[in-house]
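Contents: one structure, followed by commentary.
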Amino acid sequence: MKKKTFVTKEQLEAIAEQFPTPFHLYDEKGIRANAQAVKDAFSWNKGFKEYFAVKATPNPFLIQILHEYGCGCDCSSLAELVLSDACNVRGEDIMFSSNDTPAEEFVKAKELGAIINLDDFTHIAFLEESIGEIPKTISLRYNPGGVYEISNGIMDNPGDSKYGMTKAQLFKGYQILREKGAKRFGLHSFLVSNTVTNDYYPTLARTLFQLVVELKEQTGIEIGFINLSGGVGIAYKPEEQANDIAVIGEGVHQAFNEILVPAGLSDVAIYTEMGRFMMGPYGCLVTRALHEKHIYKEYIGVDACAANLMRPAMYGAYHHITVMGKENKPCDHMYDIVGALCENNDKFAIDRMLPKIDKGDLLVIHDTGAHGFAMGYNYNGRLWSSEILLQEDGTPKLIRRAQTVADYYSTFDCFDEFKGKLQ
Ligand SMILES: *Cc1c(COP(=O)(O)O)cnc(C)c1O
């Protein structure tokens, strides 16, 4: 399918006059329609809740939009808990799904009344030590080991992943938690990232539903909620078929009816912790062509760099690029689209066929709404860009200002000899 931008060239030129490039732009209309579609897809389940994975797009303005659709926050660090609290998302609207967790983060999670999801068997004792009790509601993360296969082949290798606990640890864990006074139990598992198939959640759901039935038979413990976590992907490439959340929700529903209902577990709530699917397609990185360079290859240098979007450099990830105003021109030029870092992997695209690019052209790098800005870093003294929301009425709203040199050096403020000099 041809990938389209959610803004026109004229709109973008007007926004760029007000806010200099580069910036990440978010599509409010798209975010809202998708959040509603997720809600509808799981409306068959009374307790359903999506806990948005804050790490994907940690912006309070965007979290608040999702909260209007009933979304909570999935947090995995102290800073994310603080952000959730600032967005008035508290109590059991927070899922604290962390790993290798420091004690003070469990303390903060308890203070906010978050649901704590333990990554490891040993964390039961560590949690009790850290917060002085076992919460009434508690969840455990499962890792089935081995390789994980669904209908179209092997998807990933949980046996190699650091997350979660074994089945034996899980069953023992719930029994210990029950002895220690826990009343409401959750099961969590995250096996594969960025799945572009409608089968992932339904397949995972079947695995977890069967496990929950077995747990009930063996121990009498009834699970109250099952958290399918993240991993629902998006179509980064034009040739990929986007996931259909309605089909996914129905697939989980069928598994629920076949496995949980006959086992007398029809009150189980389904939770999700999607990040990429909630935000990915509704953000883009907007950058301008600064230089063209002709050596052994053709290069276009833009004013964004890997510090603004790390996925291509880190994973070789594909991000579609549209040259604004040239959507219908033939893609008859091969370019590497590069940023300014002194690192040769600072390339948004390699050997990409695109229309002829002229200096000053605006380029839209698609699907940066999740794990985009959030993975930004400051290597080479490159600063974070601003974030802008394209509101439903078509007007832009600044939702994070760009970082300044003074921000970047602010951790030297406490040293008299550099005070006020680094800005
Ligand atoms: C990263 C993460 C998510 C979100 O994953 P997506 O692939 O963005 O949906 C959810 N839960 C946990 C625990 C995570 O670490």
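Counting convention: from 1, in listed order, for ligands and their atoms alike. Both backbone and side-chain heavy atoms feed into the values below; hydrogens, waters and symmetry mates do not. For reference, positions follow the sequence shown, starting with 1.
- Taking 4.0 Å as the cut-off, F277 does not count as a neighbour of ligand 1 on heavy-atom distance.
- Counting protein heavy atoms only, atom 14 (C) of ligand 1 is closest to K55 NZ, 2.8 Å.
- Using a 30° and 60° split on the angle between ring planes, F42 and F48 fall in the parallel class, below 30°.
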Criterion side chain to side chain donor-acceptor pair (under 3.5 Å) on Y69 and H67, from CA distance to verdict | CA-CA 5 Å; Y69 296 82; H67 194 46; over 6 Å; no

So Q11 and L25, side-chain contact (heavy atoms from CB on, under 4.5 Å) or not? Walk me through it.
-> CA-CA 12 Å; Q11 264 178 313; L25 184 71; over 6 Å; no

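- Using a 4.0 Å cutoff on heavy atoms, H371 counts as a contact of ligand 1.
- In the displayed structure, K297 atom NZ is contacted under 6.0 Å by more than 12 heavy atoms of other residues, nucleotides or ligands.
- For the pair G231 and ligand 1, a heavy-atom separation below 4.0 Å is found.
- The part of R141 lying near ligand 1 is the side chain, judged by heavy-atom distances below 4.0 Å.
- Aromatic pair Y26/Y282: ring centres not closer than 6.0 Å.
- Taking the six-membered ring for Trp and the full ring otherwise, the centers of Y271 and Y51 sit less than 6.0 Å from each other.
- Under 4.0 Å from ligand 1, the heavy atoms of A53 that appear belong solely to its side chain.
- For the side chain to side chain contact (heavy atoms under 4.5 Å, CB included) with N243, the qualifying choice from I234, D199, I248 is I248, the only one to do so.
- The N/O atoms of H188, backbone and side chain alike, include none that comes under 3.5 Å of an N/O atom in ligand 1.
- Using a 4.0 Å cut-off to heavy atoms of S229, the atoms of ligand 1 that qualify are 10 (C), 11 (N), 12 (C).
- The pair E50-K39 fails the salt-bridge criterion, with no side-chain N (NZ, NE, NH1 or NH2) lying under 4.0 Å from an Asp/Glu carboxylate O.
- Protein heavy atom in closest approach to atom 10 (C) of ligand 1: E273 O, 3.0 Å.
- Between D74 and ligand 1, an N or O atom pair is found at a separation short of 3.5 Å.
- When the shell of 6.0 Å around CD of E68 is examined, it contains more than 12 heavy atoms from other residues, nucleotides or ligands.
- The shortest N or O to N or O distance between R276 and ligand 1 is under 3.5 Å.
- Each of the following atoms of ligand 1 lies closer than 4.0 Å to a heavy atom of S97: 13 (C).
- Checking each of R311, H366, R352 against H319 for a side-chain hydrogen bond (donor to acceptor under 3.5 Å, both in side chains) leaves exactly one that passes, namely R311.
- Distances from ligand 1 to the non-hydrogen atoms of S76 include no value under 4.0 Å.
- Proximity to M274 (heavy-atom distance under 4.0 Å) selects the following atoms of ligand 1: 9 (O).
- Between G275 and ligand 1, at least one N/O pair is under 3.5 Å apart.
- Residue N194 does not touch ligand 1, judged by heavy-atom distances below 4.0 Å.
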